[in-house]
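Quick one: the structure is below, questions incoming.
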Number of protein chains: 2
Amino acid sequence: MNDIKQFLRSNALRPTKQRIVIAGYLFDGTDKHVTAESLSTELAKRKHIISLATIYNTLHDFYENGLLKKLTLSADRVYFDTNTDDHHHFYSEKEQFLIDINKNIKVNGLPKTPRNKKINKIEVIVHLDK
Amino acid sequence: MNDIKQFLRSNALRPTKQRIVIAGYLFDGTDKHVTAESLSTELAKRKHIISLATIYNTLHDFYENGLLKKLTLSADRVYFDTNTDDHHHFYSEKEQFLIDINKNIKVNGLPKTPRNKKINKIEVIVHLDK
DNA sequence: TATCAGTTTAGAATGATTCTAAAGTGTTGA
DNA sequence: TCAACACTTTAGAATCATTCTAAACTGATA
């Protein structure tokens with residue numbers, strides 16, 4: 001609890017009740033993939049009712065501070081990943097199936113980066129099923 | 001024109017006025033990346049007013065028939081790619097910058113595919129900028 | 001050329017996300 | 001401890017890409 005407060009403060013985030021609850025859930029040591037909706041549902045199960053607007057705000061605040069990764073898997077919702085290490089994913093849109101690939105994946109044969117651009121990240125999505 | 005009709009027929013698509021116009025634009029020999037909106041705009045410039053609903057329908061019909069690839073680049077719109085070969089992309093969300101990587105990219109070090117699943121496709125997105 | 005299944009379309013509906021602006025709350029300095 | 005204020009939260013409205021609906025339209029077939 002106090003460590004969560006410190007954790008938030010050290011990321012320039014004021015430790016409000018809501019952020020403490022959300023951080024407590026997200027950063028409990030196990031990797032998680034959440035959407036705004038799924039996070040809201042999980043917190044509700046734990047009797048923590050937080051408005052969706054705040055959930056969106058908080059996910060973005062955490063993301064902006066590098067505490068979450070944003071995943072671009074399908075066009076109809078945004079996923080956030082508590083595993084911020086460089087890693088990739090298996091994904092099945094149909095089954096909403098999503099698991100980390102933590103192994104060291106190597107992408108070989110990339111052409112030159114376009115002039116005046118810099119690579120921000122390389123995302124490998126292994127789509128399962130059709 | 002008649003080749004377009006044949007082309008559509010050979011893909012089990014009835015060659016309607018609208019589909020002929022859209023196919024004529026999309027499959028003119030140059031690779032294109034479009035969204036429903038951008039396609040609508042391009043056609044309008046050419047004095048072809050086609051309802052957005054039809055544009056969505058047609059893009060999906062073409063996609064379902066393997067004439068287009070669907071790209072999952074950002075969460076706020078769907079891109080379709082007329083290059084249906086196995087390839088990847090450089091992408092800058094900020095600049096809406098999108099170019100093909102046709103070189104033979106190799107992804108090494110993938111772990112075992114999850115039990116009972118099959119790999120549909122491997123998508124590599126090289127995100128530029130931050 | 002009549003018929004009918006497949007298409008197109010305007011407009012409504014949907015659903016995730018963002019915005020607004022008003023009320024609430026950490027934080028700071030005295 | 002407390003006043004004061006910037007930062008947050010929130011309900012509800014707004015936005016925007018996309019899908020749906022149901023009525024009008026049009027290729028294809030005989």
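Proteins come first, then strands; the chains are lettered A, B, ... in the order of their sequence lines, and each starts at number 1. Basis for what follows: all heavy atoms, side chains included, without hydrogens, waters or symmetry-related copies.
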**Item:** A:Asn65 CG - D:dT8 P separation (whole Å)
**Value:**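 Rounding to the nearest Å, CG of A:Asn65 and P of D:dT8 are 10 Å apart.
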
**Request:** Output the residues of residues 41-49 of chain A in contact with DNA chain D, where contact means a heavy atom of the residue under 4.0 Å from an atom of the strand; sort by number or write none.
**Result:**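 None, since no heavy atom is under 4.0 Å.
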
**Asked** Nearest-Å distance, CG (B:Leu8) to P (C:dG6)?
**Response**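 After rounding, the reported distance stands at 17 Å.
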
**Request:** Measure up the A:Tyr79 and A:Tyr91 rings against each other and bin them: parallel (under 30°), tilted (30 to 60°), perpendicular (over 60°).
**Result:**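 Ring orientation, 0 to 90° scale: perpendicular.
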
**Asked** Closer than 4.0 Å, any side-chain N/O of A:Thr54 to the OP1 or OP2 of D:dT9?
**Response**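 It does not, given that no N or O in the side chain of A:Thr54 lies less than 4.0 Å from OP1 or OP2 of D:dT9.
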
**Asked** Got a sec, which pairs hit salt bridge (Lys or Arg N to Asp or Glu O under 4.0 Å) with one end in residues 40-51 of chain A, sequence neighbours left out?
**Response**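 Non-adjacent pairs meeting salt bridge (Lys or Arg N to Asp or Glu O under 4.0 Å): A:Glu42-A:Lys45, A:Glu42-A:Arg46.
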
**Any donor-acceptor pair under 3.5 Å from B:Ser40 side chain to B:Ala36 backbone** =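 Between the backbone of B:Ala36 and the side chain of B:Ser40 there is no qualifying donor-acceptor contact (under 3.5 Å).
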
**Item:** Reported CG-to-CD distance for the pair B:Asn57 and B:Glu64, which is rounded to 0.5 angstrom
**Value:**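 Separation between the atoms: 11.5 Å.
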
**Message:** How many whole angstroms separate atom CD1 of B:Ile4 from atom P of D:dG27?
**Reply:**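 Those two atoms, CD1 and P, are 15 Å apart.
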
**Message:** What's the angle between the local helix axes at either end of the helix from C:dT1-D:dA30 to C:dA30-D:dT1, using five pairs per end and rounding to 10 degrees?
**Reply:**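 It works out to 30° between the end axes.
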
**Asked** How long is the gap from CG on B:Asn65 to CG on B:Asp61, to the nearest 0.5 Å?
**Response**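 It is 7.0 Å, given to the nearest 0.5 Å.
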
**Item:** Reading 5' to 3' through nucleotides 18-23 of chain D, protein heavy-atom contacts under 4.0 Å coded B for base, S for sugar-phosphate only, - for none
**Value:** BBB---

**Prompt:** Within the side chain of A:Thr113, is there an N or O that forms a donor-acceptor pair under 3.5 Å with the backbone of A:Lys118?
**Reply:**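 Not at all, since once roles are kept as given, no pair shorter than 3.5 Å links the two residues.
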
**Request:** Could you tell me the separation between the CD1 atom of B:Ile50 and the P atom of C:dT7, rounded to a whole number of Å?
**Result:**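 From B:Ile50 CD1 to C:dT7 P: 15 Å.
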
**Request:** May I have the distance from A:Leu39 (atom CG) to C:dT17 (atom P), rounded to whole angstrom?
**Result:**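 Whole-Å distance recorded here is 12 Å.
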
**Request:** Verify the distance criterion only: is there a donor paired with an acceptor across the side chains of A:Asn83 and A:His33 at less than 3.5 Å?
**Result:**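 Absent: no donor and acceptor within the cut-off.
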
**Asked** A:Asn57 CG to C:dA21 C1': how many Å, rounded?
**Response**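 Atom-to-atom, A:Asn57 to C:dA21, this comes out as 14 Å.
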
**Request:** Establish, yes or no, whether the cationic atom of A:Lys117 lies under 6.0 Å from the six-membered ring centre of B:Phe90 and within 45° of the ring axis.
**Result:**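 No, A:Lys117 does not sit over the ring of B:Phe90.
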
**Message:** When you compare the side chains of B:Lys70 and B:Thr72, does any donor N or O come within less than 3.5 Å of an acceptor on the partner?
**Reply:**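 Side-chain D/A pair, B:Lys70 to B:Thr72: absent.
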
**Over all atoms of both residues, closest heavy-atom pair of A:Asp86 and A:Lys69** =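 Closest approach of A:Asp86 to A:Lys69: CA-NZ, 4.2 Å.
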
**Prompt:** Which pairs with one or both residues in residues 104-113 of chain B pass salt bridge (Lys or Arg N to Asp or Glu O under 4.0 Å), sequence neighbours excluded?
**Reply:**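 Non-adjacent pairs meeting salt bridge (Lys or Arg N to Asp or Glu O under 4.0 Å): zero.
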
**Asked** Taking all non-hydrogen atoms of both residues, which atom of B:Ile101 and which atom of A:Leu110 are closest, and how far apart?
**Response**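 Heavy atoms only, the tightest pair is CD1-CD2, 4.0 Å.
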
**Whether A:His60 and A:Phe80 hold their rings parallel, tilted or perpendicular, with breakpoints at 30° and 60°** =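 Rings of A:His60 and A:Phe80: perpendicular, as their planes differ by over 60°.
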
**Gap between atoms CG and C1', on B:Leu59 and C:dT8 respectively (whole Å)** =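 The distance from CG of B:Leu59 to C1' of C:dT8 comes to 15 Å, rounded to the nearest Å.
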
**Prompt:** Going 5' to 3' along nucleotides 24-30 of chain C, which nucleotides have protein heavy atoms under 4.0 Å from the base (write B), which only from the sugar-phosphate (write S), and which from neither (write -)?
**Reply:** -BBS---

**Asked** Please give, in whole Å, the distance from C:dT9 P to B:Asp61 CG?
**Response**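 Interatomic distance, CG of B:Asp61 to P of C:dT9: 13 Å.
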
**Asked** Given A:Val34 and A:Leu68, is the side chain to side chain contact (heavy atoms under 4.5 Å, CB included) satisfied, shown in steps?
**Response** CA-CA 10 Å; A:Val34 302; A:Leu68 293 173; 5.9 Å; no

